[in-house]
**Student:** 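Just dropping this structure here.
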Amino acid sequence: MYAGCQQYDFDQIELFWQKFWDKNKTFCVQEDTSKEKYYILDMFPYPSGAGLHIGHPEGYTASDILARYKHAKGYNVLHPMGWDAFGLPAEQHAIKTGINPSTNTANNVSIFKKQMKRIGFAIDWEREINTTDPIYFKWTQWIFLQLFKHGLAYVDECPVWWCEGLKSVLANEEVIGGRSERGNFPVVRKNLCQWVLRITRYADKLLEGLSSVDWPDSTKRQQIAWIGKSEGANIFFKIDGHGEEICTYTTRPDTIFGVTFLVLAPEHPLIEKIVAPKFENDVKKYVENSRKKSDLERTDLAKTKTGVQTGAHAINPANGKKIEIWIADYVLASHGSGAIMAVPGHDRRDYDFASNYGIAVTKVIDNASGDNQLPYVGDGVLINSERFNGLSSEEAKGKIVSWLQETKRADFTQNYKLRNWLFSRQRYWGEPIPIIWIKENDYKAAASNDKFYFKEFLPNEPISNEKDGITYCALPLCTSHLPLTLPPTDNYLPSSDGESPLAKIHSWLNVYVNVETGQIVPADDFNEKDRNSSCVLGRRETNTMPQWAGSCWYYLRYLSPRCETAIVDPDAINYWQTPDFYIGGAEHAVLHLLYARFWHRFLFDIGVIRTGKEPFKKLFHQGIILGEDGTKMSKSRGNVINPDEVVNRYGADALRLYEMFLGPLDMMKPWSTKGIEGVFRFLKKIWNEYIDREGNTKNFHDNLSDECQTVVNETIKKVGNDIEGLKFNTAISQMMICLNSIQKAGGFDNASAGNFLKILAPFAPHISEELWARLGNNGSIYDAPWPEYDDSKIVPTSQKIIVQVNGKMRAELVVNDVNTSEGAIFELAINIENVKKYVANKKILKKVYAKGTVVNFVVE
RNA sequence: GCUCAGGUGGCGGAAUGGUAGACGCUGAGGACUUAAAAUCCUUUGGCCGUAAGGCCGUGCGGGUUCGAGUCCCGCCCCGAGCACCA
């Protein structure tokens, strides 16, 4: 069966085959131990109301080509798709309309799915997942509870980014230049009680794991920079006339003899204790001022560095010198110990500050190049450093810290830029955090009860939080309570004091917990006659999880999407393991990919999965498709290309082919409407090589010319290699070259007609299916094996050798015998008219022959 | 400022140190057609030349090499990421 049109009617053909694939479940897979598996993962989309963007099909087509190719090569290919559907836009839509976000989400998902099916991706839709589906987020909550149990989730009253525009707290990563990443609203600091995940405990593991993965270098580098590990030392400075010490972190202990002052961050806890009465007012003013400043203002590099004296002094532990202690906001409380030993001779920032306030600058490192300019920030040889003079920076670092260590005035240590992961969001449309807060006394009493039900995820140390003078402890739900679903409401607006909309839904919020039976009853429904000593009143956690949570582990869920007993079925993961290939945008280089690695390594550490420490062995980022004007597509610029319109006008095969033909997959490249007409023409040419004007399949040649056979075999080879190397643009141009040759030669023979369709199929599956069927084949071309090529046909029977004189091309030499000797080649070459001209009467200094390619005569 | 990636015709882009510009688009000319669309053929880096052929040419300046878009050094320009991280 086939669509049966006369001309290349892409609409009829594509719809016919899409229906065929659906009906026959062509792309559905099961574990099959007789075959090697290949797991291809796309970063799953957020199903926005705007529908598919023209950039989506780029990555999806790339992974689809690979999936279809690997299948043809005999692999059991898993290529699933799902929806990262929690998130702000659906919630804001709900705030505006009062319609539950799940309705809106379901709507958007169906649009996305329809669009993706219309492009013909070889996706196993039976494995479709959705992060907002309770059967999915049951396990997201379960993983959170594991983190909680293992002491990796805690609450902290910490300064967080509060965005008034979004009425929500944002993570550091969601704040760009003092404004929210989404919506571009201004943000301010605010103290709130938040859930935090201890990702910093995994800093070293996350760093170490990068060396074992095949990822783009830039992405690895970004993660390394984000983790920001540095090796250095804590050095302790005694405060003159005080019992206190100031701990400073430095990576340059070799410059300790050049310390001329200390600087504390304005938030440093010792400030109040050490400030001299005379300076109290100035200090107070300065500290208050810097608290008011936004981070943007504080970290503006262009501004001159400001600070105030404390009037207190510290003693340099290396030489006993008394130095001033200053406060300045160029020192960050969040890094190291929030205090630094300032070495203006060898640090740009300390130098700037010292210059502003007339503080002494001492040179303690000799620059090898003899440049005397200060500050000199490189390594060198120590001077003015007493017994350490003459040592290199490298040697001195260790020796000085060891020496100070003897008297407990220093310690070797490391520092990280990585902060713990703020995991709370004050939103409705996210996974509820499966925690109930109960009074500390109730918790203690319950925990010491042998019949305590809530042991499954109980941490060693209770997580507690004080509210209105009462201490509450976090009681973790058990697997049997999951999923904890979102209560219905029609008011999605967060409360003005920063709490999630869930805090307003009292029937859900307040519950009675039976700590012996595990029964949880809404307080409203609580029947007083059921009250007994094991019933305690609790308040549910109202924060929800960030959108990253659902995407941290989705690649595991595809393996057994309906599994009810575990996050992933053990047999399924034992077979499919982790993805062999992961493709998605570079915008997720740090956050998603770091968080997912963190969860994966955690799940590995607690034995939930045993498939290796890293989730994504091979990663690739597709580039961005720009508008026709070479700028980023945006509504305001009016340069947005709608994929539906492209499909309507040229078809899915043309869209797929064109996006792959545009240029290298990882590059940014502009869309061109004229360009897609080119590949559309190519598809029509293909059609016309198979089907005559009456719509009948053509008769092919009995055999092809040698020349054509060479091209066909080269094409099979190159297309295969190019797919493996993800060089789809050159694979397509090779197929064009092949078709041009076939066209010139007057058509295919039977063998090449079939082979050409097999290599075309991953790129343009619909037309390939249709023509494959019209050649008389049954079933889907998807199941046809990848063709073999004949290397002997690729080796040409004659060779074209370029003849150069002094490196300039002067002639071409064609030799019929590939094994012609070097001497004979020189003889033939030198006798060509246009070569003779240049070597005549000249002394030949050198003759070079690169076998089969070039002859070069070097003459005086 | 630091780190990384890149700079090739009118455009998107090809080129294991070996014919720079494959393939596609655009432009020009032609065939078919009453005409148009579609299709097909020729041509399309610049300059000189009727041609054969020659000279120049991969951001700029040097270098290595028989030979450089490709390797090395310095500079310029665009893009991305990080950005007072001590």
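Here is how names work: the chains are called A, B, and so on, in the same order as the sequence lines, proteins then strands, and each is numbered from 1.
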**Student:** Nearest of B:G12, B:C84, B:G67 to any side-chain atom of A:Asn856?
**Tutor:** B:G67

**Student:** What's the NZ-P distance between A:Lys417 and B:A83, to the nearest Å?
**Tutor:**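 The answer, rounded to whole Å, is 6 Å.
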
**Student:** Heavy atoms from C-beta onward define the side chain here; which of B:G24, B:G12, B:G53 lies closest to that of A:Asn740?
**Tutor:**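 That would be B:G24.
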
**Student:** So, OP1 or OP2 of B:A20: does either fall under 4.0 Å of a side-chain N or O from A:Lys808?
**Tutor:**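 No.
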
**Student:** For atom C1', what is the distance between B:U34 and B:C23, given to the nearest Å?
**Tutor:** 37 Å

**Student:** Within the structure shown, what part of the strands sits under 4.0 Å from A:Arg348 by heavy-atom distance: base, sugar-phosphate, or nothing?
**Tutor:**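 It contacts nothing in the nucleic acid.
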
**Student:** Consider the side chain of A:Leu332, meaning its heavy atoms from C-beta on, and name the nucleotide among B:C82, B:A22, B:A86 that approaches it most closely.
**Tutor:** B:A86

**Student:** Over how many whole Å does the gap from A:Asp329 atom CG to B:A86 atom C1' extend?
**Tutor:** 15 Å

**Student:** Output the rounded distance in Å from NZ (A:Lys229) to P (B:A86).
**Tutor:** 13 Å

**Student:** Could you measure between the two C1' atoms, the one in B:U58 and the one in B:U3, and give it in whole Å?
**Tutor:** 26 Å

**Student:** Could you tell me how far apart A:Ile801 (CD1) and B:G18 (P) are, to the nearest whole angstrom?
**Tutor:** 16 Å

**Student:** Under 4.0 Å between a side-chain N or O of A:Arg681 and OP1 or OP2 of B:U26?
**Tutor:**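 The answer is yes; a side-chain N or O of A:Arg681 sits under 4.0 Å from OP1 or OP2.
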
**Student:** Look at the side chain of A:Lys685 and decide which nucleotide, out of B:G12, B:C40, B:C25, has an atom nearest to it.
**Tutor:**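 When the side chain of A:Lys685 is considered, B:C40 is the closest of B:G12, B:C40, B:C25.
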
**Student:** Which atoms form the tightest heavy-atom contact between A:Glu58 and A:Ile625, and what is the distance?
**Tutor:** OE1-CG1, 3.7 Å

**Student:** Without decimals, in angstroms, what is the distance between A:Glu689 CD and B:U39 C1'?
**Tutor:** 13 Å

**Student:** From B:A86, B:C23, B:A14, pick the nucleotide closest to the side chain of A:Ser230?
**Tutor:** B:A86

**Student:** Could you check which of B:G53, B:C4, B:G18 has an atom nearest any side-chain atom of A:Tyr838?
**Tutor:**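 Closest nucleotide among those given: B:G53.
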
**Student:** Quick one: is A:Gln743 getting a side-chain N or O under 4.0 Å of the B:C40 phosphate, OP1 or OP2?
**Tutor:**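 For B:C40, OP1/OP2 do have a side-chain N/O of A:Gln743 under 4.0 Å.
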
**Student:** Measuring from the side chain of A:Pro664 (C-beta onward, heavy atoms only), which nucleotide among B:A14, B:U26, B:C23 has the closest atom?
**Tutor:** B:A14

**Student:** Does B:U39 have its OP1 or OP2 closer than 4.0 Å to a side-chain nitrogen or oxygen of A:Lys684?
**Tutor:** yes

**Student:** When you measure from the side-chain N and O atoms of A:Asn834 to the phosphate of B:G54, is any distance below 4.0 Å, counting only OP1 and OP2?
**Tutor:** yes

**Student:** Does a nitrogen or oxygen in the side chain of A:Lys674 sit under 4.0 Å from OP1 or OP2 of B:C25?
**Tutor:** no

**Student:** Nearest-nucleotide wise, let me know which of A:Ile802 and A:Thr251 is further upstream toward the 5' end of RNA chain B.
**Tutor:**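 Counting from the 5' end, the first nearest nucleotide belongs to A:Ile802.
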
**Student:** Side chain of A:Thr250 only, heavy atoms from C-beta on: which candidate in B:U26, B:A86, B:C66 is closest?
**Tutor:** B:A86

**Student:** Looking at B:C84, B:U19, B:A86, which one has an atom nearest to any side-chain atom of A:Glu812?
**Tutor:** B:U19

**Student:** Mind checking who B:C75 pairs with, Watson-Crick or G-U wobble, both distances under 3.5 Å?
**Tutor:**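 Checking every strand shown, B:C75 finds its partner in B:G59, with both distances under 3.5 Å.
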
**Student:** Quick one: A:Phe682 CZ to B:G12 P, roughly how many Å, whole number?
**Tutor:** 22 Å

**Student:** With respect to the phosphate group of B:G54, does any side-chain polar atom (N or O) of A:Arg810 fall under 4.0 Å of OP1 or OP2?
**Tutor:**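 Looking at the OP1 and OP2 atoms of B:G54, one of them is under 4.0 Å from a side-chain N or O of A:Arg810.
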
**Student:** Which nucleotide in the set B:A38, B:C4, B:G6 lies at the smallest distance from any side-chain heavy atom of A:Met667?
**Tutor:** B:G6

**Student:** Dump the intermediate steps for salt bridge (Lys or Arg N to Asp or Glu O under 4.0 Å) on A:Glu714 and A:Lys717, then the final yes or no.
**Tutor:** CA-CA 5 Å; A:Glu714 267 173 356; A:Lys717 182 178 182 178; over 6 Å; no

**Student:** I want to confirm an ordering. Mapping A:Lys669 and A:Lys744 to their closest nucleotides on RNA chain B, which one lands closer to the 5' end?
**Tutor:** A:Lys669

**Student:** CZ of A:Phe680 versus C1' of B:A37: gap in Å, rounded?
**Tutor:**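 Result: 13 Å.
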
**Student:** Just label B:G9 as syn or anti from its O4'-C1'-N9-C4 or O4'-C1'-N1-C2 angle, using within 90° of 0 for syn.
**Tutor:**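 Here the answer is syn: the torsion falls within 90° of 0.
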
